[in-house]
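See structure below.
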Amino acid sequence: KAALHASHTLKPGGILCFRDYGRYDEAQMKLSSQRNKKLDSPNFYVKSDGTRCYYFTIEDVEGLFGEAGLEVLELKYIRRIYKNFGEGGAERRRVWVQGRFRKPF
């Protein structure tokens, strides 16, 4: 519903930018190993504070915005490794899905 609503609010030629958690993000791996409640999808979790989070694939995002009538301009994974120098140099491996979509003219 959100992608369809966003599509309806764009003017023809308007651009929508999207960025959210990507599949196999370190946070997802941590959640899956802690037996957090999974909802209707194997990639949809409820954190201990009640926050819900979904970890997308490129195909998930392409399907959502494609069904909403938007054309893909760019769609890719962003992968980063962050080092925490204050706590013994711990590393966190993060994954996001990032895309730009356009409403046809």
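Note that the structure is a prediction, hence the values are computed from the model and not measured. The first residue in the sequence is number 1, and the count goes up from there.
- To the nearest 0.5 Å, atom CZ of residue Arg80 and atom CD of residue Glu26 are 15.5 Å apart.
- Contacts classified as salt bridge (charged side-chain N to carboxylate O under 4.0 Å, His left out) and involving residues 56-68 (residues at least two apart or in different chains) are given here: Arg23-Asp60.
- Applying the ring pair (Phe, Tyr, Trp, His ring centres under 6.0 Å) criterion to Tyr21, with sequence neighbours excluded, gives Tyr55.
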With a 3.5 Å cut-off and sequence neighbours excluded, list the donor-acceptor pairs that the side chains of residues 88-96 form with protein atoms.
{"unit_1": "Glu91", "atom_1": "OE1", "unit_2": "Arg93", "atom_2": "NH2", "d": "3.4"}
{"unit_1": "Arg94", "atom_1": "NE", "unit_2": "Asp25", "atom_2": "OD1", "d": "2.9"}
{"unit_1": "Arg94", "atom_1": "NE", "unit_2": "Asp25", "atom_2": "OD2", "d": "3.2"}
{"unit_1": "Arg94", "atom_1": "NH2", "unit_2": "Asp25", "atom_2": "OD2", "d": "3.0"}

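- Looking at every heavy atom in both residues, Val97 comes nearest to Thr57 through CG2-C, 4.2 Å.
- Taking each heavy atom of Leu31 and Cys53 in turn, the nearest pair found is CD1-SG, 3.7 Å.
- Remark: Arg79 engages no residue in a salt bridge (charged side-chain N to carboxylate O under 4.0 Å, His left out) (not counting sequence neighbours).
- Here the two rings, on Tyr24 and Tyr77, have centers that are 6.0 Å apart or farther.
- Across all non-hydrogen atoms, the minimal contact from Val61 to Phe18 is CG2-CE2, 3.6 Å.
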Donor-acceptor contacts under 3.5 Å from residues 6-14 side chains, at least two apart:
{"unit_1": "Ser7", "atom_1": "OG", "unit_2": "Ala68", "atom_2": "O", "d": "2.7"}
{"unit_1": "Thr9", "atom_1": "OG1", "unit_2": "Ala6", "atom_2": "O", "d": "2.8"}

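- Take Phe101 and apply the ring pair (Phe, Tyr, Trp, His ring centres under 6.0 Å) test, not counting sequence neighbours, and it matches Phe65.
- With hydrophobic clusters built from ILVMFWY side chains whose heavy atoms lie under 4.5 angstrom apart, Leu64 shares a cluster with Val72.
- Across all non-hydrogen atoms, the minimal contact from Pro104 to Gly69 is CD-O, 3.2 Å.
- Under a hydrophobic clustering in which Ile, Leu, Val, Met, Phe, Trp and Tyr are joined whenever their side-chain heavy atoms come within less than 4.5 Å, directly or via other members, Met29 and Ile81 fall into different clusters.
- The line from CD of Gln28 to CZ of Phe56 is 11.5 Å long, rounded to the nearest 0.5 Å.
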